Amino acid sequence: MVTKVLCVAEKPSIAKAVANHLAGGQVTVRNVTGNQYLKNYCFHYNFPTWGPCDVNMTSVFGHLQSHDFADQYRYWKSCDPSQLFEARIETSVDESNKPVAKNIETQARYSSILYIWTDCDREGEHIGAEIRDVAVRSNPRLGERGKTVRARFSNIERAHIINAARSPVPLDEAQANAVSSRIELDLRTGASFTRNLTMSLQGMLPQQGDGQKSQVISYGSCQFPTLGFVVERYFRVRNFVPEQFWSIKVMHEKNGIKVNFRWARNHLFDRMVVVVLFERCLAAKKAKVDKVQTKPTSKWKPLPLTTVELQKCGSRFLRMDSHRVMQVAESLYTKGWISYPRTETDQFDRGMNLQALVQKQTQSRTWGQFAQGLMNGGFAQPRDGRNNDKAHPPIHPVNFVEQTALSAEEAKVYEFVARRFLACCSQDAKGSKTEIGISYGPETFNASGLTVLERNYLDVYPYDRWTSSQELPQFRAGEEFEPTEARIQDGKTSPPGYLTEPELIALMDANGIGTDATMAEHINKIKERKYVDTRPRGRRPRQDDNDDEASDYEAPAEHEAEPARGRGRGRGRGRGAAGRGSAAANGRNSGTSGVQEFIPTTLGVALIEGYDNMGFEISLAKPFLRKEMELKMKAICEGRKTRHEVTQETIEQYREVYMRTQQRMQVLKDSVRRYVTNQA
DNA sequence: GCAAGGTC
């Protein structure tokens, strides 16, 4: 008797790939009525665990089940919004998912093993549990121990998949429970606060002119902190008070080359101190060369491409907002040109055959030559970043396609993905850096020069700049000279800019707001809700100093440790600023850059201000609540808390905030009135 | 009319 195994993947692409790997070409593909993308792949496979089997491999399309309040709570005026904290929640299968669920039920009836092939992350574990739920409806025995298993895999390389097929593991119930908790909390808090805000405040907003329904004022654990970041930066810009500073400038001309030396103290905010130090320099008459050092340096090639990085680069280099970049990337993925575009992973699996992928790119008329160079010995294993979601590899081109076969936007994104991949597979850029240190009286000054020796990856990756500086004249250690020019220079600190999209994404990423797949949606949501406006960043003179950019929040992680400081970084930039690596790009593009900046509307400001002024210990406007939820989910995954405990204690927390919001709704109304009414 | 998370 041949064992029947039902395999279910999270998406059709995985089902297809896994079926092809396991079946070795002997696959029968059957369409399923009701959904043109849904297929059953039938083949034989000899699983070590169960022996020779008849396999049916199919998929879902992400979450299979939906959750909503029971009927008596579903309509806005049917209950007080606070009742939604305990209202019964029903689980169902959406109309669009009915054919998918039916297919699983039908197939499960004849199967003795349910083998889950969803992504190996928390959501994937929950989707696995949803699939099991549906399968058990028609075949209860699949609910028995050992009858439902899952595959552990992190990419769809043949060897990796075959290996995963050999060693099924149980579903991780803890992870699935953590997600159940998240789903429930997001629904209860989102719906209750949204209804309450909308019904309390909408009368105060200007009526929509075109006879539309008046707007929804929504709360969500992700959209509110996202708005909070925009507002926080807005106030830092608005409240910025420029501060004057002074520095000592030393220039020396030698062999016809003018060298500017940077003061080791950069600048000071006390003019008298600078004057005194300057006079001591002058009194010394001569400067002395302390150090002449030439050493090799390099500019590291970029890390393998993650979704967040793709979105940031899209804003910076391709002039597409994150939402658009993702749409385009998805279409490239569905057409089979690039790998799955939603990934947090910046490490390529050691087992992956990267050279085969490089080989495909040799066909390109523009970067094919470079790819050929990699095939001829230039190839180097990509760097490893710090992130691995164990579900997907970094974004990379899987097949070559002519630019002309794509839309203009697709071509731009494909080119970026291809060039980024080739850059990852090549060598770091190499250069030579000379540093000259002088002492002038009691003060020290430095100058540095860079010579780029081998461009390497830079040749295929025009998005990075690294150029030789003007050559430095020869100096000898111990040499003395009287500087051609020495004087005091003054300047003032300049305000930070409004938040740009790449900065916002970086903040969300660092604070765990949303996932790689949803960050762009949250940004879109706060635009849709009219909490923020965007506009292209205009020309804005940037001065050297932005010490005031420090933020109260987690600053974006510094993903790249660049050894080279070729472009001279000795500026006290706050960590929360545009981020390293972008400095050159922003500088280059300032004035004409396509980067969008975010400015809160009066409504957006009113909401955030309103909650901040209510004086809770934890404001809904700040990212800490969401972060706490993330920690609690982790606790469930690690068995330190139960789903029930987390749900209950979090509900109580929000209920408290809700009640106090009710009590102080007047504060919020005043805030809205102050801002929104003034606008008119 | 509501959230955030999957995915086509």
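Computed from a predicted structure; not experimentally measured. Per chain, numbering begins at 1; letters A, B, ... match sequence-line order.
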Of the candidates B/dC2, B/dT7, B/dA3, the side chain of A/L187 sits closest to B/dA3
Requested in this report: Classify the nucleic acid contact of A/H522 as base, sugar-phosphate or nothing, counting any heavy atom under 4.0 Å across all strands shown.
Outcome: sugar-phosphate
- [ ] Report which part of the nucleic acid A/G514 touches: base, sugar-phosphate, or nothing (heavy-atom distance under 4.0 Å, all strands).
- [x] sugar-phosphate
Does A/E10 reach a base, just sugar-phosphate, or nothing at all? Heavy atoms under 4.0 Å.
sugar-phosphate
- Reckon A/R122 touches a base, only the sugar-phosphate, or nothing at all at heavy-atom distances under 4.0 Å? nothing
By side-chain contact (heavy atoms from CB on, under 4.5 Å), A/T118 pairs with (sequence neighbours left out) A/E10, A/I116, A/I127, A/I131, A/R150
Residues at least two apart in sequence or cross-chain that pass side-chain contact (heavy atoms from CB on, under 4.5 Å) with A/I183, listed by chain then number, are A/H67, A/H126, A/V179
Please state whether the base of B/dC2 and the side chain of A/D186 form at least one donor-acceptor pair under 3.5 Å? no
Separation of B/dC8 atom P from A/L332 atom CG, nearest Å, is 14 Å
Checklist entry - OP1, OP2 of B/dG5 versus side-chain N and O of A/R182: anything below 4.0 Å? => result no
Are any of A/Q223's side-chain N or O atoms less than 4.0 Å away from OP1 or OP2 of B/dA3? yes
Between A/R420 and A/E309, is the closest basic N to carboxylate O distance under 4.0 Å? yes
Of the candidates B/dG6, B/dC2, B/dA4, the side chain of A/R626 sits closest to B/dA4
Side-chain N,O (A/R188) to OP1/OP2 (B/dA4) below 4.0 Å | no
Atom CZ of A/F69 and atom P of B/dA3 are separated, to the nearest Å, by 11 Å
Result for 5'-nearest mapping on DNA chain B, choosing between A/S218 and A/D119, is A/S218
Check: Looking at A/Q215, does any N or O in its side chain come under 4.0 Å of the phosphate oxygens OP1/OP2 on B/dG1?
Finding: no
Q.
Under 4.0 Å from OP1 or OP2 of B/dC2: is there any side-chain N or O of A/S192 that close?
A. no
note: A/E184, atom CD; B/dC2, atom P; distance rounded to Å ~ 20 Å
Separation of B/dT7 atom P from A/I127 atom CD1, nearest Å, is 6 Å
Enclosure of A/K98 NZ (heavy-atom neighbours >12, cutoff 6.0 Å) = yes
A/T198 has its side chain closest, among B/dG5, B/dC2, B/dG1, to B/dG1
(message) Heavy-atom count check: over 12 atoms from other residues, nucleotides or ligands less than 6.0 Å from A/E95 CD?
(response) no
- Query: Is there a side-chain polar atom (N or O) of A/Y73 under 4.0 Å from OP1 or OP2 of B/dC2?
  - Reply: no
Among the nucleotides B/dG5, B/dG6, B/dC2, whichever has the atom closest to the side chain of A/Y340 is B/dG6
Fit a plane to each ring of A/F421 and A/H396, take the angle between them on a 0 to 90° scale, and name the class: parallel (under 30°), tilted (30 to 60°) or perpendicular (over 60°). tilted
From NZ of A/K11 across to C1' of B/dT7 the rounded distance in Å is 8 Å
The residue, A/E330 or A/F224, whose nearest nucleotide of DNA chain B is more 5′ is A/F224
What residues 75-105 of chain A contributes to the DNA chain B interface at heavy-atom separation below 4.0 Å is A/W76
Taken to the nearest whole Å, CD/A/E528 to C1'/B/dG1 is 12 Å
* To do: Describe the nucleic acid contact of A/N196 in one word from base, sugar-phosphate, nothing, applying a heavy-atom distance below 4.0 Å.
  => nothing
Within 45° cone and under 6.0 Å: A/K335 NZ/CZ vs A/Y414 ring: no
At 4.0 Å (heavy atoms only), tell me whether A/Y333 reaches a base, stays on the sugar-phosphate, or touches nothing. sugar-phosphate
Whole-Å distance, A/L197 CG to B/dA3 C1', equals 13 Å
Whole-Å distance, A/L64 CG to B/dT7 C1', equals 12 Å
Quick one: do A/K632 and A/E628 make a salt bridge, cutoff under 4.0 Å?
yes
For this session: Give a yes or no on whether A/R30 atom CZ has more than 12 heavy-atom contacts from other residues, nucleotides or ligands under 6.0 Å away.
Result: no
Note to self: B/dG1, OP1 or OP2 - any side-chain N/O from A/R529 closer than 4.0 Å?
What the structure shows: no
A/S221 side chain near B/dA3 phosphate (N/O to OP1/OP2, under 4.0 Å)
no
